[in-house]
A.B. asks: 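My questions will all concern the structure given below.
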2 protein chains.
Amino acid sequence: MDKHDRISPAVIRRLPKYYRYLGELTKMGINKTSSRELSEMTGFSASQIRQDLNNFGGFGQQGFGYDVENLRNEIAKILGLDNKYKIIIVGAGNIGQAIANYTGFYEADYEVVALFDKNPKLIGMSIRNAMIMDSDDLEDFLEKEKIDIAVICTPKSVSQQVAEQLVRCGIHAIWNFAPKDLKMPENVHVENVHLNESLFSLTYYYNRMNKEKSKNE
Amino acid sequence: MDKHDRISPAVIRRLPKYYRYLGELTKMGINKTSSRELSEMTGFSASQIRQDLNNFGGFGQQGFGYDVENLRNEIAKILGLDNKYKIIIVGAGNIGQAIANYTGFYEADYEVVALFDKNPKLIGMSIRNAMIMDSDDLEDFLEKEKIDIAVICTPKSVSQQVAEQLVRCGIHAIWNFAPKDLKMPENVHVENVHLNESLFSLTYYYNRMNKEKSKNE
DNA sequence: TAGATTGTTAATCGATTAACAATC
DNA sequence: TAGATTGTTAATCGATTAACAATC
């Protein structure tokens with residue numbers, strides 16, 4: 001299993017896509033697939049798919065292909081989707097609430113156990129069995145409950161400070177929606193969802209297309 | 001300007017980050033910077049930063065560095081942040097509403113002009129000056145209004161169909177929040193925000209850390 | 001068996017980093 | 001001028017693709 005140590009992030013980012021497409025095949029009642037077929041679905045090359053999977057072991061059968069359900073289970077195991085995760089959301093504004101309602105959490109055993117905000121109007125409200133609590137109670141809460149993942153949906157002005165508080169309370173995995181890079185110790189993993197970078201990138205390509213179009217006229 | 005044609009996506013994804021940090025420098029009243037300083041802030045190497053910027057022209061002064069405000073303006077121009085963009089959001093559920101409230105739109109001249117949903121309970125509601133309209137009126141609306149960017153926040157079951165409708169009505173830029181890859185013609189640019197892939201990736205690294213920790217004990 | 005497709009090594013490609021001449 | 005830092009070319013690194021032997 002030592003191989004795992006040096007898997008490139010690019011590979012890890014492709015695994016969820018394989019997982020998703022294998023799920024679609026399962027739903028369609030298809031139980032056998034090949035790197036060629038997965039290539040057509042995902043847009044990645046067949047060669048790359050075989051390389052990716054072989055980072056973790058040989059899941060296929062030469063001359064035959066891959067068993068859909070087996071491969072899907074193996075990827076689930078690699079990603080850790082066979083475990084349970086308790087989640088809290090810090091910041092219960094628009095994005096925080098939307099994340100609390102996020103149906104993607106049902107794809108594995110993720111449970112949002114609480115939200116935190118300092119707005120008194122929000123405190124006490126519930127979203128899908130999770131209550132919005134006072135931010136002042138965050139540290140006490142984390143002392144009692146073993147939380148796996150914290151989601152940061154606060155304004156960027158306080159995101160660094162919130163992150164440091166979370167880490168002090170033992171959090172090692174942060175899903176960060178605040179448009180700011182968090183400076184964190186090495187043993188904390190931060191996954192950023194920086195909407196502004198995504199939107200700006202889209203804007204660039206939109207303009208580039210328009211320029212090309214007007215050039216061809 | 002033909003250079004623009006072949007800029008790698010990796011470069012484009014870094015530009016918004018440069019832009020953001022230059023904004024922070026401006027706010028701090030700092031008007032001169034260097035690739036070394038930007039490197040410390042962004043975590044990218046100084047060499048890479050110089051390479052990236054020189055894809056678009058020489059914005060610096062040898063022996064001196066970069067003028068913060070000038071460089072920021074140049075990047076804004078490259079990304080197209082000096083233009084106006086009209087946006088619609090299709091799907092006014094949790095995520096759609098959160099996006100309508102997204103304050104990042106104020107960082108440039110983005111305007112959400114309408115949302116669309118087929119839920120009668122939502123139709124007629126307003127979010128920050130944008131009304132939620134009946135999805136049945138989407139095509140009529142697009143005929144009358146010139147829209148630049150469409151955001152897809154529908155369930156994944158209808159996202160492909162919605163995207164095709166948008167493209168038929170002349171949309172070329174899609175910000176896709178549905179957890180599904182859209183099959184689109186070449187002249188349509190899709191920027192995906194696939195939360196499930198981000199969450200699964202976070203889950204992988206969280207587990208890897210835990211495995212390493214328990215190994216060292 | 002013949003055909004198919006994996007697993008894996010080698011070749012290619014592209015992106016990042018290093019180095020340094022140009023020059024402010 | 002001397003010092004500093006860019007712009008740019010060359011070297012390195014890593015990721016993707018191609019090729020093919022292994023084998024079901």
Side-chain angles (χ1 to χ4, degrees), chain A residues 1-18 21-22 25 30-75 78 201 204, chain B residues 1-18 21-22 25 30-75 78 201 204:
Chain A
M1 278 301 198
D2 262 349
K3 280 182 180 181
H4 277 235
D5 283 357
R6 286 167 200 182
I7 307 292
S8 112
V11 176
I12 303 305
R13 303 221 152 273
R14 284 191 290 267
L15 294 180
K17 198 157 281 188
Y18 300 145
Y21 279 103
L22 289 163
L25 287 174
I30 294 168
N31 49 35
K32 181 223 165 210
T33 190
S34 65
S35 58
R36 183 188 44 70
E37 187 174 51
L38 286 170
S39 168
E40 278 161 24
M41 288 192 291
T42 60
F44 306 134
S45 79
S47 190
Q48 181 167 64
I49 291 170
R50 292 201 301 278
Q51 288 275 27
D52 283 357
L53 296 176
N54 285 340
N55 280 306
F56 304 97
F59 303 132
Q61 203 176 358
Q62 278 162 323
F64 178 82
Y66 300 92
D67 180 89
V68 171
E69 204 178 317
N70 173 254
L71 182 56
R72 186 154 184 270
N73 288 339
E74 291 290 350
I75 293 176
I78 295 165
S201 182
Y204 170 81
Chain B
M1 278 301 194
D2 262 349
K3 279 182 180 181
H4 277 234
D5 284 357
R6 286 169 200 180
I7 308 292
S8 111
V11 176
I12 302 304
R13 303 221 151 274
R14 285 190 292 267
L15 294 180
K17 198 156 279 186
Y18 300 145
Y21 279 103
L22 289 163
L25 288 173
I30 295 168
N31 49 34
K32 183 224 163 208
T33 190
S34 65
S35 57
R36 184 189 43 71
E37 188 174 50
L38 286 169
S39 167
E40 277 161 23
M41 288 192 290
T42 61
F44 307 132
S45 77
S47 189
Q48 181 167 64
I49 292 169
R50 292 202 300 279
Q51 288 274 26
D52 283 356
L53 297 176
N54 285 340
N55 281 306
F56 305 97
F59 303 132
Q61 202 175 0
Q62 279 163 324
F64 178 82
Y66 301 91
D67 179 89
V68 172
E69 205 178 317
N70 174 253
L71 183 56
R72 186 153 184 272
N73 289 338
E74 290 291 349
I75 294 176
I78 294 165
S201 182
Y204 170 81

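The shown structure was predicted, so the numbers you read here are calculated from the model rather than taken from an experiment. Letters A, B, ... mirror the listed sequences (proteins, then strands); counts begin at 1.
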A.B. asks: Take the protein atom CZ of A:Arg50 and the nucleotide atom P of D:dA19, then report the distance between them rounded to whole Å.
C.D. replies: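 Value for this atom pair: 12 Å.
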A.B. asks: CD of B:Glu37 versus P of D:dT6: gap in Å, rounded?
C.D. replies: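 Atom-to-atom, B:Glu37 to D:dT6, this comes out as 10 Å.
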A.B. asks: Rounded to the Å, how far apart are A:Asn55 CG and C:dT8 C1'?
C.D. replies: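 My rounded result for the distance is 12 Å.
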A.B. asks: Nearest to the A:Arg36 side chain among C:dT5, D:dT16, C:dT16, which nucleotide is it?
C.D. replies: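 Within the option list, the nearest is C:dT5.
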A.B. asks: Taking donor-acceptor contacts at under 3.5 Å, does the side chain of A:Gln62 reach the base of D:dT23?
C.D. replies: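 By the distance-only test, no, there is no pair.
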A.B. asks: Which base sits across from C:dA22 as a Watson-Crick or G-U pair, both distances under 3.5 Å?
C.D. replies: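 Paired with C:dA22, as far as the under-3.5 Å criterion goes, is D:dT5.
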A.B. asks: Using heavy atoms to find the nearest nucleotide of DNA chain D for B:Gly63 and A:Ser45 separately, return the residue whose nucleotide is more 5′.
C.D. replies: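 Its nearest nucleotide being more 5', the pick is B:Gly63.
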A.B. asks: Classify the nucleic acid contact of B:Phe44 as base, sugar-phosphate or nothing, counting any heavy atom under 4.0 Å across all strands shown.
C.D. replies: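 If one applies the 4.0 Å heavy-atom cut-off, B:Phe44 turns out to touch nothing in the nucleic acid.
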A.B. asks: Using heavy atoms to find the nearest nucleotide of DNA chain D for B:Gly58 and A:Asp52 separately, return the residue whose nucleotide is more 5′.
C.D. replies: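 Upstream on the strand: B:Gly58.
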A.B. asks: Out of A:Asp67, A:Ile75, A:Asn73, which residue meets the side-chain contact (heavy atoms from CB on, under 4.5 Å) rule with A:Leu71?
C.D. replies: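 Answer to the side-chain contact (heavy atoms from CB on, under 4.5 Å) test with A:Leu71 among A:Asp67, A:Ile75, A:Asn73: A:Ile75.
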A.B. asks: Less than 4.0 angstrom between a side-chain N/O of B:Tyr66 and OP1 or OP2 of D:dA4, yes or no?
C.D. replies: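 No.
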A.B. asks: Check the distance between D:dT8's P and B:Leu53's CG and give it to me in whole angstrom.
C.D. replies: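 To the nearest whole Å, that distance equals 12 Å.
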A.B. asks: For B:Glu37, I'd like to know if atom CD has over 12 heavy atoms of other residues, nucleotides or ligands within 6.0 Å.
C.D. replies: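 Count over threshold, so yes.
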A.B. asks: Give me the atom names and distance for the closest heavy-atom approach of A:Pro16 to A:Ile12.
C.D. replies: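 Where A:Pro16 meets A:Ile12 most closely, the heavy atoms are CD-O, 3.0 Å.
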A.B. asks: In whole Å, what is the span from the CD atom of A:Gln48 to the P atom of C:dG14?
C.D. replies: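 It is 14 Å, rounded to the nearest whole Å.
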A.B. asks: Within the structure provided, determine whether A:Leu15 and A:Phe56 are in side-chain contact (heavy-atom separation under 4.5 Å).
C.D. replies: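 In short, these two side chains touch, coming nearer than 4.5 Å.
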A.B. asks: What is the distance, rounded to the nearest whole Å, between atom CG of B:Leu38 and atom P of D:dT6?
C.D. replies: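 Rounding to the nearest Å, CG of B:Leu38 and P of D:dT6 are 9 Å apart.
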A.B. asks: Take the protein atom CZ of B:Phe59 and the nucleotide atom P of D:dT6, then report the distance between them rounded to whole Å.
C.D. replies: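 Result: 14 Å.
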A.B. asks: Is A:Arg6 close enough to D:dA15 that one of its side-chain N or O atoms is under 4.0 Å from OP1 or OP2 there?
C.D. replies: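 Indeed not, no polar side-chain atom of A:Arg6 lies that close.
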A.B. asks: Give me the atom names and distance for the closest heavy-atom approach of B:Tyr18 to B:Thr42.
C.D. replies: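 For B:Tyr18 versus B:Thr42, the nearest heavy atoms are CD2-CG2, 4.1 Å.
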A.B. asks: Would you name the heavy atoms of A:Arg50 and A:Tyr66 that are closest together and state the gap between them?
C.D. replies: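 Heavy atoms of A:Arg50 and A:Tyr66 come nearest at CG-OH, 3.7 Å.
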A.B. asks: Decide yes or no, distance alone: a donor-acceptor N/O pair under 3.5 angstrom between the base of C:dT6 and the side-chain of A:Gln51.
C.D. replies: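 Answer is no: no donor-acceptor pair is held.
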A.B. asks: Rounded off to whole Å, could you give me the CD1-to-P distance for the B:Ile49 and D:dT5 pair?
C.D. replies: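 It is 14 Å, rounded to the nearest whole Å.
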A.B. asks: Between B:Ser8 and A:Gly60, which has a closest nucleotide on DNA chain C that is more 5'?
C.D. replies: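 Whichever sits nearer the 5' end wins; that is A:Gly60.
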A.B. asks: Of the nucleotides D:dT5, C:dG7, D:dC24, which has the atom closest to the A:Asn54 side chain?
C.D. replies: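 Nearest listed nucleotide: C:dG7.
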A.B. asks: When we call it a touch if two heavy atoms are under 4.0 Å apart, what does B:Ser47 touch: a base, just sugar-phosphate, or nothing?
C.D. replies: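 Result for B:Ser47 = base.
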A.B. asks: Does D:dC13 have a Watson-Crick or wobble mate here (both distances under 3.5 Å), and if so which one?
C.D. replies: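 Per the H-bond distance test, C:dG14.
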